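Computed from a predicted model, the values in this text were never measured in an experiment. The sequence lines fix the lettering, A, B, ..., with proteins before strands; numbering per chain opens at 1.
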Amino acid sequence: CTYNVLIDSLCKKEEPKVALSQFGSMIRKGIEPTIVTFNALIFALCNSRRWEEATQIIENMALYGISPNLVTFNTLLDARCKEGCTTEAIFLVEAMLDKGVFPDPVTYDSLICGLCHSRKLDEAKRLFDGMVSQNIFPHVRTLNIILNALSNEGMMKKAQVLFEAMLDHGREVNTITYNTLIKGYCRQGEMDKAKDVFDRMTMEGALPDTISFNTLVSGYINIYRIDVALKLLKDMIRKGLVPD
RNA sequence: GGUAUCUACUUUGU
């Protein structure tokens with residue numbers, strides 16, 4: 001465990017070289033590496049995009065009779081997503097299923113996030129719906145990522161439908177969820193709808209924060225309603241929020 | 001009972 005802690009910290013400090021050499025001395029001292037050791041190394045190698053070496057580590061694991069686990073796959077998969085290689089990432093999901101390792105919320109989050117960034121929104125949405133049907137509950141953040149992507153594409157109708165569906169199912173939403181929708185409507189210049197969402201917040205238990213106000217204010221200024229923007233600023237102060 | 005390894009959301013600016 002001491003070695004695992006050491007190696008992991010080195011990996012986080014982006015010192016894969018040092019980490020690998022510590023791994024070497026760990027082996028020489030006859031200390032058995034565990035799945036945690038390997039996962040930490042794979043993390044570091046993926047971060048520096050050294051895929052071949054990461055693959056070697058996995059082969060190495062097999063020699064110790066250790067198979068990749070959920071964390072291993074999630075690490076690989078997330079690195080691929082960050083590279084924009086969502087095809088490779090989906091391939092990894094198949095590989096994990098083959099090995100009887102089942103995707104968890106982290107797996108889905110990484111994938112959905114990666115797909116959104118690669119502007120493959122339909123696939124992201126399909127995955128999200130798939131999670132619900134498999135009783136893997138998406139985190140609020142995952143919902144927010146999709147809503148944000150839809151908003152950025154101006155697909156506010158879809159965003160709204162998804163949002164209402166989540167509320168209907170009693171799923172958690174938070175201030176950021178509302179802020180995301182407000183931003184989407186502001187971008188479209190649909191300030192009435194932005195304001196509707198804003199007004200619902202208090203009633204639905206997600207208190208507006210500074211970002212809610214900032215977003216709305218900038219939306220009104222964009223349509224030259226300086227008067228409304230200034231009034232909002234006053235409301236904001238009255239609610240004890242500090243304009244920044 | 002506690003300790004090691006994986007991802008992630010919104011405003012403005014950089």
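Bracketed by its first and final contacts, the part of RNA chain B lying under 4.0 Å from non-hydrogen atoms of chain A reaches from B/A4 to B/U11 in 5' to 3' order.
Residue contacts for A/T142: at a heavy-atom cut-off of 4.0 Å it reaches no nucleic acid atom on any strand shown. Residue contacts for A/N4: at a heavy-atom cut-off of 4.0 Å it reaches a base atom on one of the strands shown. Across all strands shown, A/N148 has heavy atoms under 4.0 Å from sugar-phosphate atoms exclusively, and none from any base.
With sequence neighbours excluded, no residue satisfies ring pair (Phe, Tyr, Trp, His ring centres under 6.0 Å) with A/F128. Applying the ring pair (Phe, Tyr, Trp, His ring centres under 6.0 Å) criterion to A/Y178, with sequence neighbours excluded, gives A/F163.
A salt bridge links A/D227 with A/R225; the closest basic N to acidic carboxylate O contact falls under 4.0 Å.
Atom NZ of A/K120 has more than 12 heavy atoms from other residues, nucleotides or ligands within 6.0 Å.
If you chain together hydrophobic residues whose side chains sit under 4.5 Å apart, A/F102 and A/L92 fall into the same group.
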